[in-house]
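Note that these values count all heavy atoms, side chains included, but never hydrogens, waters or copies made by symmetry. Below, read A as the first sequence line, B as the second, and so on, with proteins coming before strands; counting in each chain starts at 1.
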Amino acid sequence: MRALDLDYMLGLVPVILGYVPLTLFMAAVAMVCALVLASLLAVERVIRVPGLDWLVVLFISFFRGTPLLVQLFLFYYGLPQVVSFLTQINGVTAAIMGLTLHFSAYMAEAIRAAITGVDRSQWEAAQSIGMTQAQTMRRIVLPQAGRIAAPTLVNYFIDMIKGTSLAFTLGVTEMMGATQKEASGSFLYFEAFLVVAILYWVIVETLNQVQRQLETYLNKAYAR
Amino acid sequence: MITLRGLTKRFGDTTVLDGIDLDIADGERVVVIGPSGTGKSTLLRCLNFLDRPDAGTITVGDVHVDAGHATRGDILSLRRATSFVFQNYALFANKTALENIMEALVTVQGRPRAEAEQRARAILAETGLTEKAGSYPAALSGGQQQRVGIGRAMAIGADLMLFDEPTSALDPEWIGEVLDLMRRVAEQRQTMLIVTHEMQFAREIADRIVFIDGGRIVEAGRPEDVLDTPRDERLKRFLKRVL
């Protein structure tokens with residue numbers, strides 16, 4: 001067993017840190033898109049639009065039922081062969097699309113469960129004052145469902161950040177891709193991947209702190 | 001003027017409302033009494049289309065709804081002409097007391113925020129809860145929540161206010177303040193249809209008491225006639241139990 005090359009590791013930190021913005025950018029954009037898409041899917045699952053319901057069920061089933069890596073390859077390498085305009089898409093865009101679709105399926109189920117968890121009386125009260133179904137959903141039900149679903153959604157965001165590491169398989173140089181390049185130059189694989197592992201870990205732990213703050217904030221309305 | 005004709009509601013094989021006919025004059029206060037499970041609450045819920053009646057017509061002011069062919073627009077119009085006070089308060093849990101009262105003014109009636117807030121603060125003052133404007137429902141007592149619930153219903157400015165056992169879920173210590181607020185609402189000549197088990201309150205506030213049993217109106221009249229000289233046997237038995 002050899003000693004760790006600590007100087008190499010310390011020198012690598014700023015190099016990989018330079019790719020943190022791209023990693024966070026992909027995760028953040030995918031999260032926002034996935035939240036919007038998941039809310040729409042969840043609302044559809046609750047009100048069940050005739051003719052649309054089976055499509056949503058199929059969508060959720062497919063994107064939960066297949067690995068993220070397979071989906072990314074399917075979008076990036078596969079689809080452009082059959083759909084010509086997709087040849088323009090770069091690795092970052094493909095990764096964001098893949099993460100969005102994949103995680104929106106999971107998040108839709110979490111949000112649907114949270115909507116179902118909002119007390120029936122909240123619907124009735126909103127309807128009794130003459131609100132439409134859409135107004136009831138937007139102003140009363142979704143905000144309360146959001147609070148119920150928030151911890152789960154933050155967990156998916158954390159999964160998403162870690163999932164961006166798969167973008168390196170699409171040729172994107174993000175944290176993982178940069179580490180891979182550095183390691184294949186220095187042959188110090190253990191040091192390099194240990195550094196990137198610790199950096200992911202630090203990012204995720206920071207987010208866990210943010211989640212605790214968020215929960216305190218969201219529970220403000222329910223404190224006795 | 002409120003007119004109900006042949007209002008019928010079934011749950012499966014059970015007929016809960018069996019052709020209710022009722023006229024309520026503007027400003028009239030009608031109290032509905034009767035044994036549990038005889039359709040009192042269902043009657044109120046049908047008037048607000050929280051339960052969908054199977055047959056009959058409902059006319060509230062300019063709004064006329066035929067239960068058999070009610071469109072989404074009909075239902076919204078009816079809900080905007082009536083307001084509902086729930087037994088379990090059902091305040092919006094994600095909104096403050098003030099926001100609960102403002103919600104209908106802003107979202108349903110589309111009034112400017114400033115105007116809505118001014119009106120909501122005036123209503124909150126009537127309920128005696130000015131200092132609780134920024135409190136969320138979870139931080140209010142049962143009595144305070146129900147007063148906000150009544151305030152929310154008042155804000156709509158409805159032709160008809162429906163009260164579904166507004167004090168039944170309350171600890172005894174909070175009942176008085178809620179009844180007091182209902183008396184103040186009544187003084188404004190608001191048309192009210194109230195389901196309650198508070199017989200003393202019913203006698204005092206009602207212009208007319210309606211006794212429902214088995215989904216039908218069995219007896220109706222002035223409080224002193226219905227409560228003191230009942231004619232129907234079922235009403236006599238009911239009153240013996242509750243008075």
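Summarising the geometry, atom CD belonging to Glu124(A) is positioned 7.5 Å from atom CG belonging to Asp51(B); distances are rounded to the nearest 0.5 Å. We find the CZ-OG1 distance between Arg72(B) and Thr132(A) to be 9.0 Å, quoted to the nearest 0.5 Å.
In Tyr77(A), the OH atom is crowded: over 12 heavy atoms of neighbouring residues, nucleotides or ligands sit closer than 6.0 Å. Around atom CZ of Phe168(A), more than 12 heavy atoms belonging to other residues, nucleotides or ligands sit under 6.0 Å away. Around the CZ atom of Phe11(B), the shell of radius 6.0 Å holds more than 12 heavy atoms that belong to other residues, nucleotides or ligands. Within a 6.0 Å sphere centred on CD of Glu131(B), heavy atoms belonging to other residues, nucleotides or ligands number more than 12. When the shell of 6.0 Å around CG of Asp171(B) is examined, it contains more than 12 heavy atoms from other residues, nucleotides or ligands. Annotation: Gln118(B), atom CD; neighbour count of heavy atoms from other residues, nucleotides and ligands within 6.0 Å does not exceed 12.
Residues Ser128(A) and Ile156(B) approach most closely at O-CD1, 4.4 Å, considering heavy atoms. What you find for Met131(A) and Thr107(B) is that their closest heavy atoms are CE-CG2, 4.1 Å.
In this structure, the portions of Asn94(B) lying under 4.5 Å from any heavy atom of chain A include both its backbone and its side chain. Heavy atoms of Leu78(B) lying under 4.5 Å from chain A are absent altogether. Contacts between Thr82(B) and chain A at a heavy-atom distance below 4.5 Å involve the backbone alone (N, CA, C, O). Both the backbone and the side chain of Phe92(B) come within contact range of chain A, with heavy atoms under 4.5 Å apart.
The candidate with the highest count of non-hydrogen atom pairs below 4.5 Å against chain A, out of Ser135(B), Ala104(B), Ala93(B), is Ala93(B). Of all the listed residues (Leu76(B), Thr96(B), Ile75(B)), the one sharing the greatest number of non-hydrogen pairs under 4.5 Å with chain A is Leu76(B).
Remark: the backbone N or O of Gly130(A) is paired with a side-chain donor or acceptor of Arg80(B) at under 3.5 angstrom. A donor-acceptor pair is defined here as one N or O able to donate and one able to accept, closer than 3.5 Å; no such pair exists between the side chain of Gln127(A) and the backbone of Phe49(B). Not a single donor-acceptor pair under 3.5 Å links the side chain of Gln122(A) to the backbone N or O of Ala90(B).
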- [ ] Give the C-alpha distance, both sets of side-chain angles, the deciding distance and a yes or no for side chain to side chain contact (heavy atoms under 4.5 Å, CB included) between Arg79(B) and Ile129(A).
- [x] CA-CA 6 Å; Arg79(B) 286 186 179 145; Ile129(A) 63 169; over 6 Å; no
